[in-house]
A.B. asks: 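To start, I am sharing the structure in question, which I have written as C-alpha cells.
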Protein chains: 2
Amino acid sequence: MESVKYQLSDIQIPRAWYNIAADLPRLAPPLHPATGAPASVDDLTGIMPKEVAEQELSTTREIEIPDPVRQLYAQWRPSPLFRARRLERALNTPARIYYKYEGGSPAGSHKPNTAIPQCFYNQQAGIRRLTTETGAGQWGSALAFAGALFGIDVQVHMVRVSYHQKPQRRALMHAYGATCLPSPSRATDVGSRILDDDPDCPGSLGIATSEALELAMNDPHTNYAGGSVLNNVVLHQTLIGQEAMTQLDMADDYPDLVVGCAGGGSNLGGLAFPFLGAQLRGGDSVQVIAAEPEACPSLTRGTVAYDFGDATGLTPLMRMHTLGHSFVPPSIHAGGLRYHGISPLVSQALSEGLMEARAVPQTRCFEAGLAFARSEGIVPAPESTHAVRVVIDEAVRCREEGRPRVMLFGLSGHGHFDLGSYEKYLAGELSDEAFDPDGVARSLTALPEVPGPAGAEN
Amino acid sequence: MESVKYQLSDIQIPRAWYNIAADLPRLAPPLHPATGAPASVDDLTGIMPKEVAEQELSTTREIEIPDPVRQLYAQWRPSPLFRARRLERALNTPARIYYKYEGGSPAGSHKPNTAIPQCFYNQQAGIRRLTTETGAGQWGSALAFAGALFGIDVQVHMVRVSYHQKPQRRALMHAYGATCLPSPSRATDVGSRILDDDPDCPGSLGIATSEALELAMNDPHTNYAGGSVLNNVVLHQTLIGQEAMTQLDMADDYPDLVVGCAGGGSNLGGLAFPFLGAQLRGGDSVQVIAAEPEACPSLTRGTVAYDFGDATGLTPLMRMHTLGHSFVPPSIHAGGLRYHGISPLVSQALSEGLMEARAVPQTRCFEAGLAFARSEGIVPAPESTHAVRVVIDEAVRCREEGRPRVMLFGLSGHGHFDLGSYEKYLAGELSDEAFDPDGVARSLTALPEVPGPAGAEN
C-alpha cells in the first residue's frame, strides 16, 4: 500500500516540551513596564500560576510534560503527518511535500496543545476562572474545551466584528459551557472607556486582551490564559515539531524547508523550533519560512522594539517585531493572524537569520487552500492557507528548477468554521486588503518608552 | 498512562467488507416495480457500475476492498475507539462505555467510507458525473470530497429548506468543486412538476432522490450514488464495526450493548452488523439498539412493506420498515435522520429480533450531546446525539441496578456544522416536533401495489 500517513502510537507523544530559549542566548527578557527591570516570576503570578510563569521565563531546554496532560493529549495526539502525494502530482513537482495536520483535535486546530496544560496548571493552583481574548475563535473554543475537562469557568472576550461574523465559533464555546462576550464590553473598565469614546468600536485582539487581563488582575481566583505570543504557549506547541521529526524519520526523510503561518507565532514556532534547535546544536540546517498576511505584516514590515502585547499597556514589555500595539489590522478572513506583534522567540529567530518571512495576499491564499482541498481532501483554515500558498509557490519553483526539495508545513486547523470565507472567494467577492503604511507609521510613533537602562537601546 | 484510545495501524484496516446478507437467509429481494420480479444486476446498471450493482445483490459474506480504496481510507482510518472514562465518571456509572469516532474524516462524518469506493468503481467504469441527494449535507459533502479525489463531477440535490438553513455544508461542497442545487429544482422534470404545483415546496429527501435518479437514468455518462439505505452502502460501512471489534480485543472487552443512530441505517448497520454476524455464527450475543428520532420513527411506528426509496417511485421496491414514501417528516435538526424508510438489512434484523429500536425526542438528544461534549470534549452531530441519549439512559440504569455492562456506540460525526442547533437548544428555542400519526396514516394508504406473486404477501 502506497504510504501517505505516518502514524505514531500514544507512547510516542513527547515526554518533554522543547524550549528554544535555551539555544537563543541573545534573547531579550520581558520588562516590567514601570521599572524597566526584567520581569520576574512574581511579576507574572498575578495572572498565571507559578509553573506557567516559570516556563515563561525558563531557559531550561527540556520541560517535562505532566502525565495527566499527556493522557489528555492522547485523545487526538500524536497528530498525523501526511505525504501530500496527490498535491505533488497535481503540481507535477519533484518536491516531496509533507504536512503535519492539527485539525483533528476536538476544537479543530493546534490550540488545544496549550489550552490543556494551561488549564491543568491553573486547576492545580486552585484557579476557578480563566479569561482570554479571541479573534476568529480558534483559541477561545480551544480554551473552552479544556476548561470543560478541568471544571474551570472560561470567559472569552471575542473581537466584536468576529463575534457577529462567526456565530458558529461562538456557539462552540457555549456548547463547552464557556461565556463569550463581544469586545469591547461593559464588563471591564477598559472596555467601558472605549465604548464611551466610540459606541460602535469594532474591537481588536489588543483590546480584547486588555479586557481579559484587567479581569484577571483584579480577582485572585481568576487567571489569564494566552493563546499565542507568550513563551509558555510556544513551548507547549513544540509537540508538533517533535512529533514531525519522529514521523519524518519513519519516512527516512528530513526537511530542507519548513513553513508555517505566523500570527502570534506559536503555530510556526511549535513546528519549526525543534528543527532549528537541532540545527543550533550542530544538526542539519533547514530553511524556515514564516508565512504572514500582507495586510498585517509584522515580520516583513514591522520594527523590532519593546512593545506591549495588548492595546492598553497591561502586559510586560516584550521585545519583538511589531506594527505598534495601537495598530488595528484590516478585517482579513484569517482572523487568527490579525495581531500587531509576534512571539519574541520567533522575532529573535528571525533577527538571527534562523528564519525568513514572506507576506502573502489573502486571495492567493484561498486559491491555494482550494487547490489543496481538491487534491488532499482537507479544507484548510484561512490561517493555514498562508503556509499552503508558500509551499505551492516553492514546489512550483522546484519543478521549474528541477530540484527535488523536501518540504514540511503545518496544517494548523481545518476550515469547517470558515466556509463562508471560501464561498465569498468563489463568488469573486474577496479582495486583498492593502497594507496600510500610514496606519503602521502612526502606530509606531506610539511605541512605549522603556524606562531604565534597556530604554537606551530600544 | 490511563488508556482511553485504542488505535490501530494502517495495515489493520480491514481487507474485506462484511456482508450480513450472507447470514440473513430470509432477506426479501428488491423488486422491479413494473414486473414484481427480483431486481437483477442489469436492472441496476443504468444508475450504478456493475461492481456496485453486484454488491447490492450479493450474498457473499466477505467482499474484498480494492487496494486503492484502502489507501484512501488510510488518510483517516482506522478511526479511533475511545473509552469514555470522563463520561462514566460524570454519570457515576459502573458501565464501561466505548465509542467509535468517525468525525475525524475530511468531511467530518462516517459518510466517506462509502463515498470513496463508490467513486472508485464509477471512475473505473468511465463515469464522469455522479448525482445524489442530501438532507443536512453530510452525505453531499462526503461525495463532493471523494469526487474531487477521483476527478468526477458531483451534483448534489439538497433539500431546499436545508440548502438555506445550512450554508456552511453547501459551501463545503463548493470548496470541493461540486455543484449543489436546492431541491426541488427546474433541472429535472420531477422537480419542475413539483414546483408547478407548489412554487414554495420546502423539499424532502425523497424528492431530492427522485431528481438525482432522473438525471442518472437519462444520461449514460451520469450515475447515481446513494448515501444510505442501499445494501452496498451498508456493506461499505461495516469497516466501522470490524475495526471496533479489533480495538475492543485490545481493551480485552466485548460489548453487551451496541447503539447507533438510525436514519437510512448505514451508520447503525456498519457498526452493529459485524457483531451480529459473529452472534449469528455462534459467537457471543449482543443487544443492539437503533436510536431513531421520535418525529420520524420508521422502526418503532412504521409498517413493514415493499415501498419506494424515493418520493416519486423511481427506485426498485424495497421491503423495509416505512412510514410511506410520501411522508414528509417534521423539520428536526438531525436532518440525516429524516427519512421515511430504512435499510432493508436493518429492517430484516429488527424483524428477526436481532435488534430493537427506541425513539427519542430531539431536546433530550441535544441535552445528551452537551453532557457528552463537556465530559469527552467532542461536540456530536445532532444525528449522533440520538445514540448518546440512549447510552446515557442505559448507563444510568446500570448505576441504579449496580450492573457493570459494556456499551459501544457509534459517534458518527462531529457537530461543527450544526452549532446553530445547539445554540437554539441552549437558548430554549428548540421544541420536540410531535409525531404525526395522521400524516403517517395518510402516507401509508399510498404504499405502492406490488405486481406479481410477491404482491400477495405485501
Side-chain angles (χ1 to χ4, degrees), chain A residues 1-5 7-11 13 67-68 70-72 74-78 80 82 86 103-108 112 145-149 151 167-172 174-177 369-370 373-379 414-427, chain B residues 1-5 7-11 13 67-68 70-72 74-78 80 82 86 103-108 112 145-149 151 167-172 174-177 369-370 373-379 414-427:
Chain A
M1 193 152 59
E2 184 185 58
S3 192
V4 294
K5 182 175 65 179
Q7 186 181 299
L8 305 175
S9 66
D10 291 7
I11 55 165
I13 294 172
D67 237 32
R70 286 185 78 230
Q71 277 175 34
L72 287 167
Q75 183 172 10
W76 74 95
R77 302 206 74 83
F82 293 104
R86 294 191 298 268
S105 81
F145 153 71
L149 303 195
Q168 289 87 12
R169 274 281 178 198
R170 187 184 357 138
L172 181 56
H174 290 162
Y176 286 131
L370 285 175
R374 291 174 189 185
S375 56
E376 292 297 313
I378 299 172
V379 180
H414 68 57
H416 290 179
F417 292 103
D418 307 282
L419 287 159
S421 316
Y422 278 97
E423 195 80 333
K424 276 192 182 154
Y425 171 75
L426 285 167
Chain B
M1 195 152 60
E2 184 186 56
S3 192
V4 294
K5 183 175 65 179
Q7 187 180 298
L8 305 175
S9 65
D10 291 7
I11 55 164
I13 294 172
D67 237 31
R70 286 184 77 229
Q71 278 176 33
L72 288 168
Q75 183 172 11
W76 75 96
R77 304 206 72 83
F82 293 103
R86 294 191 298 269
S105 80
F145 153 71
L149 302 195
Q168 289 87 11
R169 276 280 179 199
R170 187 183 1 135
L172 181 56
H174 290 162
Y176 286 130
L370 285 175
R374 290 174 189 185
S375 56
E376 292 297 313
I378 300 172
V379 180
H414 68 58
H416 290 180
F417 292 102
D418 307 281
L419 287 159
S421 316
Y422 278 97
E423 196 79 333
K424 277 193 182 155
Y425 170 75
L426 285 167

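Within every chain, numbering begins at 1; the chains are lettered A, B, ... in the order of the sequence lines, protein sequences first and strands thereafter. These figures come from a predicted structure and were not determined experimentally.
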A.B. asks: Counting heavy-atom pairs under 4.5 Å with chain B, which one of A:Leu426, A:Leu419, A:Leu370 comes out on top?
C.D. replies: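 Most pairs with chain B among the choices: A:Leu419.
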
A.B. asks: Checking heavy atoms, do the side chain of A:Tyr176, its backbone, both or neither come under 4.5 Å from chain B?
C.D. replies: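 Backbone plus side chain of A:Tyr176, per the 4.5 Å heavy-atom cut-off to chain B.
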
A.B. asks: Just so I understand: if I count every heavy-atom pair under 4.5 Å between each of B:Phe417, B:Tyr425, B:Tyr422 and chain A, which residue has the most?
C.D. replies: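 Highest number of heavy-atom pairs under 4.5 Å: B:Phe417.
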
A.B. asks: Look up atom CZ in A:Arg169 and atom NE2 in B:His416, then write down how far apart they are to the nearest 0.5 Å.
C.D. replies: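 One finds 7.5 Å between CZ of A:Arg169 and NE2 of B:His416.
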
A.B. asks: Within this structure, what is the CG-CD distance for the pair B:Leu8 and A:Gln7, rounded to the nearest 0.5 Å?
C.D. replies: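 CD of A:Gln7 is found 8.5 Å from CG of B:Leu8.
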
A.B. asks: Picking from A:Arg374, A:His414, A:Arg170, A:Glu423, which has the most non-hydrogen pairs under 4.5 angstrom with chain B?
C.D. replies: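 Winner by heavy-atom pair count: A:Arg374.
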
A.B. asks: Please enumerate all residues that pass side-chain contact (heavy atoms from CB on, under 4.5 Å) together with B:Ala107, with sequence neighbours excluded.
C.D. replies: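 Result, side-chain contact (heavy atoms from CB on, under 4.5 Å) vs B:Ala107: B:Ser105, B:Pro112, B:Ser141, B:Ala142.
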
A.B. asks: Going by side-chain contact (heavy atoms from CB on, under 4.5 Å), name the residues that satisfy it together with B:Gln75, two or more places apart in sequence or in a different chain.
C.D. replies: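 Residues passing side-chain contact (heavy atoms from CB on, under 4.5 Å) with B:Gln75: A:Phe82, A:Arg86, A:Tyr99, A:Ile378, B:Pro106, B:Phe145.
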
A.B. asks: Which value, rounded to the nearest 0.5 Å, describes the distance between B:Leu72 atom CG and B:Arg77 atom CZ?
C.D. replies: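 The CG atom of B:Leu72 sits 13.0 Å away from the CZ atom of B:Arg77.
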
A.B. asks: Could you look at A:Leu172 and say if it's the side chain, the backbone, both or neither that has a heavy atom under 4.5 Å from chain B?
C.D. replies: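 Its backbone and side chain both get close to chain B.
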
A.B. asks: Can you tell me which portion of B:Gln168 sits under 4.5 Å from chain A's heavy atoms? Options are side chain, backbone, both or neither.
C.D. replies: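 Answer is both: backbone and side chain atoms of B:Gln168 are under 4.5 Å from chain A.
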
